[in-house]
Number of protein chains: 2
Amino acid sequence: MEKENTYFGVKEIARRAKVSIATVDRVLHNRTGVSEKTKKKINDIIKELDYQPNILASRLASKKTINIAVFIPRVSPETDFWDAPLRGIRRAESEIKKYGVKLNTFFFDLNDKESFHKQAKLILDSGVNGVLMAPSFVEEATQFVGDCHKIKLPVTFIDSNVPEQTNITYIGPHLFRSGYVGAKLMTYRLKSDRKVLVVNISTETDNYNYIQIEEGFRSYFRDHDQANEIIRIDIKDTDQLSVAKHLTKVIHQHQEIEAIFVTNSRVFSVARFLQENNLTNIALVGYDFLKENIDFLKSNIIDFLICHKPEEQGYRGIMSLYQNLVLGSLVEKVHFMPIDIITKENEAFYQN
Amino acid sequence: MEKENTYFGVKEIARRAKVSIATVDRVLHNRTGVSEKTKKKINDIIKELDYQPNILASRLASKKTINIAVFIPRVSPETDFWDAPLRGIRRAESEIKKYGVKLNTFFFDLNDKESFHKQAKLILDSGVNGVLMAPSFVEEATQFVGDCHKIKLPVTFIDSNVPEQTNITYIGPHLFRSGYVGAKLMTYRLKSDRKVLVVNISTETDNYNYIQIEEGFRSYFRDHDQANEIIRIDIKDTDQLSVAKHLTKVIHQHQEIEAIFVTNSRVFSVARFLQENNLTNIALVGYDFLKENIDFLKSNIIDFLICHKPEEQGYRGIMSLYQNLVLGSLVEKVHFMPIDIITKENEAFYQN
DNA sequence: TAAATTTACGGGTACGTACCCGACACTTCA
DNA sequence: TGAAGTGTCGGGTACGTACCCGTAAATTTA
């Protein structure tokens with residue numbers, strides 16, 4: 001049961017180079033105070049032995065804290081969706097803070113790109129060791145990731161993905177399939193070939209995840225030769241009044257709408273509109289386990305909710321970064337969350 | 001940047017109990033040599049402080065090796081499928097052996113349940129700390145897991161799952177969906193409403209994963225109102241001669257078979273049969289990136305192969321156990337592998 | 001050329017836990 | 001009554017790395 005002694009550490013390197021452990025350490029962390037000659041000698045031995053530091057010992061001895069930036073939207077009075085990931089993040093924090101991991105939260109406002117920029121700059125200047133973020137603003141996030149890449153800062157996305165990003169990890173739903181599932185659920189309620197409305201309520205119209213979801217949604221209809229015409233609207237002002245205004249208009253224009261698919265958690269505002277206007281015969285499918293949404297689910301205004309375990313996304317996101325940082329690479333590029341279906345019948349048992 | 005000093009370790013416990021660290025340690029590992037009185041006092045303080053050991057330090061100081069049993073089928077001359085997971089397992093081993101993890105391999109013979117029993121007994125007696133296994137024999141695996149559960153031995157399944165097992169982790173495909181995908185691929189080649197044959201070549205007929213796959217397969221046909229009749233055969237003797245005999249018979253009985261779905265990696269033996277009997281107009285879909293399968297894929301005998309990244313399953317399986325054992329719980333109950341589709345066109349780029 | 005810096009390096013302690021090696025008191029038995 | 005055992009505990013070192021502090025040598029400066 002003895003541990004294999006085939007492992008070479010700093011001690012062995014020091015012995016071979018005929019220097020002290022401290023000097024080897026200086027080279028390893030390229031600190032000053034080592035002559036070029038001994039530096040080269042030590043580096044050669046490091047390469048020869050293919051030295052891999054013992055990260056357990058390293059973390060134990062280090063007084064430095066690992067700092068992880070959490071970069072997600074602020075929980076707003078409009079929608080408290082981001083409360084769930086934050087809970088998971090806090091849970092992860094309490095589990096690993098004893099190993100010297102500290103989280104710094106940077107919230108941005110979904111209605112204000114400038115707040116994203118500001119916080120992004122703060123993060124880059126704060127000297128953190130990793131970032132967990134929601135790439136809600138696609139373009140801005142892409143640029144931010146680029147900046148992180150330059151200084152070798154690992155980044156993990158949750159909630160939605162921006163493909164073709166190098167060096168990032170994604171933990172969240174397969175957005176296309178999620179939309180596909182949404183369409184399938186919708187067909188359970190479709191009784192005719194009348195129109196289907198896709199509603200995107202967001203200040204960001206070009207948001208990549210909504211596009212992916214909608215593509216999945218449309219794909220289902222194509223794949224299954226559903227004859228329903230799919231129309232879509234973007235509602236850029238997220239308050240209830242604007243939503244009502246837009247919906248009133250579109251429903252007047254297209255009298256034959258028999259079902260609505262909302263691409264995010266703001267389905268409750270559509271539900272509220274339908275309720276207030278007595279349009280309860282329109283099927284409604286949307287996203288996320290919010291209290292308001294559940295209420296409308298219970299009262300049959302919303303037919304289905306899709307949910308991607310947001311709390312677990314937060315928890316896993318932090319844990320993934322922690323493992324990445326503490327245990328070395330182990331890089332898992334993508335981890336898809338389940339696409340859970342919530343109905344009136346099973347909502348009581350749902351685990352976020 | 002200072003580490004939070006809110007953490008209480010053995011030192012603090014010792015101070016409060018007015019004993020030495022060694023005595024606290026004795027209590028923590030319930031070794032002998034502590035009076036009932038001090039034991040109780042120390043245990044009370046442990047509970048009060050909600051002491052969580054620093055696993056990093058613990059692993060570093062411990063001279064004990066973590067032993068993980070690898071319990072998978074032997075690579076047989078018939079099919080070298082299990083070579084891939086083994087490669088991933090070896091890769092994981094080389095990455096973590098420096099942290100005192102040792103793997104003990106126990107191979108069983110897929111044609112011999114007795115070999116499974118024998119090795120299972122060996123594992124239980126070997127005093128390992130965790131088990132990575134393929135539950136190829138469902139009933140036997142279930143019983144084995146029960147035994148492991150009694151002695152609190154964590155178990156991880158790869159390749160296929162046995163649901164409703166407590167305390168195990170599964171890393172592998174969503175079998176039902178995999179069969180569903182198989183059916184969808186099949187429809188690309190179906191030109192009429194003639195019969196579809198499902199072939200299960202295995203010494204184990206009641207193998208849970210084949211049943212799951214087949215259910216997924218049939219579900220697709222049901223969901224999409226495909227009129228094709230699905231017939232199935234079990235071939236319990238896996239040699240080429242037996243396969244040929246069974247196929248000859250079933251093809252005579254059902255003259256209208258236009259497609260065959262093989263539920264595991266032994267699709268090559270069906271391909272060989274089709275080739276030798278010039279039945280190349282029959283569509284063929286099966287599993288796994290084996291050299292023989294790829295050859296038949298290239299020569300158009302096999303139309304599609306489905307693959308679940310077996311190497312990665314092995315790698316992740318070990319890593320999951322390692323993290324579970326070293327970093328504490330972090331238990332991830334299920335991790336589904338992607339359901340990859342391999343065709344003649346993309347096989348050259350496939351990453352196992 | 002002596003003093004003041006700077007450069008280059010080693011000694012040694014700490015991180016939190018594991019565990020060996022005793023020490024001391026107390027009991028048992030011849 | 002003394003020796004041998006048993007139960008209970010503490011001191012101290014080790015794991016592999018990080019990093020503080022001190023010092024001798026080399027270099028610069030006066």
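Every chain is numbered from 1 and lettered A, B, ... according to where its sequence line falls, protein lines coming before strand lines.
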### Query
Which of these nucleotides, C:dA8, D:dA18, D:dG16, is closest to any side-chain atom of A:Lys11?
D:dG16

### Query
Pick the nucleotide of DNA chain C nearest each of B:Arg31 and A:Gly33; which residue has the one closer to the 5' end?
A:Gly33

### Message
Could you check whether any side-chain N or O of A:Thr38 sits under 3.5 Å from a backbone N or O of A:Ser35, counting only pairs where one atom can act as donor and the other as acceptor?
### Response
yes

### Query
Hey, is the side chain of A:Thr23 poking within less than 4.0 Å of OP1 or OP2 on C:dG10, counting only N and O atoms?
yes

### Query
Nearest-Å distance, NZ (A:Lys37) to C1' (C:dT7)?
14 Å

### Query
Which of these nucleotides, D:dC19, D:dT17, C:dC15, is closest to any side-chain atom of A:Leu60?
C:dC15

### Distance, rounded to the nearest Å, where B:Ile21 contributes CD1 and C:dC15 contributes P
10 Å

### Message
So, OP1 or OP2 of C:dA18: does either fall under 4.0 Å of a side-chain N or O from B:Ser58?
### Response
yes

### Task
Flag yes if more than 12 heavy atoms outside A:Gln143 fall under 6.0 Å of its CD atom; otherwise flag no.
no

### Message
Over all strands shown, is B:Gly9 touching base, sugar-phosphate only, or nothing at heavy-atom distances under 4.0 angstrom?
### Response
sugar-phosphate

#### Entry: Protein-nucleotide distance (B:Lys64, atom NZ; C:dT17, atom P), rounded to Å
15 Å

### Task
Using the closest heavy atom to pick a nucleotide of DNA chain D for each, name whichever of A:Gln52 or B:Lys18 lands nearer the 5' end.
B:Lys18

### Query
What integer distance in Å separates A:Arg15:CZ from C:dG10:C1'?
17 Å

### Query
Among C:dG16, D:dG16, C:dG10, which is the nearest nucleotide to the side chain of A:Val19?
C:dG10

### Message
Measuring from the side chain of B:Thr38 (C-beta onward, heavy atoms only), which nucleotide among C:dC15, D:dC9, C:dA18 has the closest atom?
### Response
D:dC9

## Note on the structure
B:Ile55 CD1 to C:dA18 C1', in whole Å, measures 15 Å

### Minimum-distance nucleotide to B:Asp25 side chain [options: C:dT17, D:dT8, D:dC19]
C:dT17

#### Entry: B:His29 side chain near C:dC19 phosphate (N/O to OP1/OP2, under 4.0 Å)
no

### Distance, rounded to the nearest Å, where B:Glu12 contributes CD and C:dC15 contributes P
13 Å

### Task
Without swapping roles, check the side chain of A:Gln119 against the backbone of A:Phe107 for a donor-acceptor pair under 3.5 Å.
yes

### Polar side-chain contact A:Arg26-C:dG10 base: donor and acceptor under 3.5 Å
yes

### Between C:dA14 (P) and B:Asn54 (CG): distance, integer Å
18 Å

### Message
Rounding to an integer number of Å, can you tell me how far A:Tyr99 OH sits from D:dT17 P?
### Response
19 Å

### Message
Using only atom types and a distance under 3.5 Å, with no angle test, would you say the side chain of B:Ser115 pairs donor to acceptor with the backbone of B:Asp109?
### Response
yes

#### Entry: Proximity to the side chain of A:Ala61 - top-ranked nucleotide from D:dA18, D:dA14, C:dC19
D:dA18

### Query
Choosing from C:dT17, D:dC19, D:dG10, which nucleotide comes nearest the side chain of B:Ala22?
D:dG10

### Query
Which is it for B:Glu95 and B:Tyr315 under the side chain to side chain donor-acceptor pair (under 3.5 Å) test, yes or no, and what are the steps along the way?
CA-CA 10 Å; B:Glu95 277 185 30; B:Tyr315 178 83; 2.9 Å; yes

### Task
Indicate whether OP1 or OP2 belonging to D:dG16 is found under 4.0 Å from a side-chain N or O atom of A:Tyr51.
no

### Task
Mind checking B:Lys39 for me? I need base, sugar-phosphate or nothing, with any heavy atom below 4.0 Å counting as a touch.
nothing

#### Entry: Side chain of A:Ala57 (C-beta onward), nearest among D:dT17, C:dT17, C:dC9
D:dT17

### Message
Taking 4.0 Å as the cut-off, does a side-chain nitrogen or oxygen of B:Ser62 come that near to OP1 or OP2 on C:dT17?
### Response
no

### Query
Is there a donor in the side chain of B:Asn54 and an acceptor in the side chain of A:Tyr99, or the other way round, less than 3.5 Å apart?
no

